[in-house]
Amino acid sequence: MSDWTKLITADDPIEAGFLRGLLESAGIAVQVRSMELWTAAVEIYFSEGARPSIWVRKRDLEGARRVLERRDEHGEGAPWTCPDCGERLEAQFTSCWQCGRVREGGG
Ligand SMILES: [Zn+2]
């Protein structure tokens with residue numbers, strides 16, 4: 001299908017995975033391309049062409065850009081897991097609703 005368009009090229013597979021989770025949690029369908037090359041051969045890791053790129057449907061492009069802008073503003077966006085009780089929490093929560101533990105900064 002030709003209605004996919006490249007949103008951004010990630011620096012590494014870790015960022016690609018992070019961005020993918022961010023977009024999917026916002027309800028946006030995502031394709032990550034070139035990822036399979038990373039696992040297939042480590043040396044490709046360092047070549048320009050192997051940087052994973054994030055693709056979204058054209059109709060999702062504006063929404064996806066807003067998601068990325070929000071991430072840049074807040075410097076966060078990934079869900080986190082409470083170290084005390086193990087509850088999984090969305091990024092907007094700054095403390096655990098289960099046990100009250102405050103989210104640790106930095107990271
Ligand atoms: Zn907790």
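What you see below is based on every heavy atom in this structure, not just the backbone, and it leaves out hydrogens, waters and symmetry mates. One-based numbering, in listed order, for ligands and for the atoms of each.
- For the pair R88 and W80, the cation-pi test (distance below 6.0 Å, angle within 45°) is failed.
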Stepwise side-chain contact (heavy atoms from CB on, under 4.5 Å) check, R65 with L7: CA-CA 8 Å; R65 282 182 175 151; L7 173 66; 3.8 Å; yes
Intermediate values then yes/no, side-chain contact (heavy atoms from CB on, under 4.5 Å), V32 and I54: CA-CA 5 Å; V32 180; I54 309 290; 3.9 Å; yes
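- Under the 4.5 Å side-chain heavy-atom criterion for grouping Ile, Leu, Val, Met, Phe, Trp and Tyr, F18 is not connected to L89 through any hydrophobic cluster.
- Around the Zn ion (ligand 1), the protein atoms of type N, O or S that sit closer than 2.8 Å are C82 SG, C85 SG, C96 SG, C99 SG.
- Taking the side-chain contact (heavy atoms from CB on, under 4.5 Å) definition, one finds that R101 meets it with C82, P83, D84, C96, C99, E104, sequence neighbours left out.
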Any chance you could lay out the side-chain contact (heavy atoms from CB on, under 4.5 Å) test for F93 and R103, step after step, and finish with the verdict? CA-CA 8 Å; F93 295 107; R103 183 181 189 175; over 6 Å; no
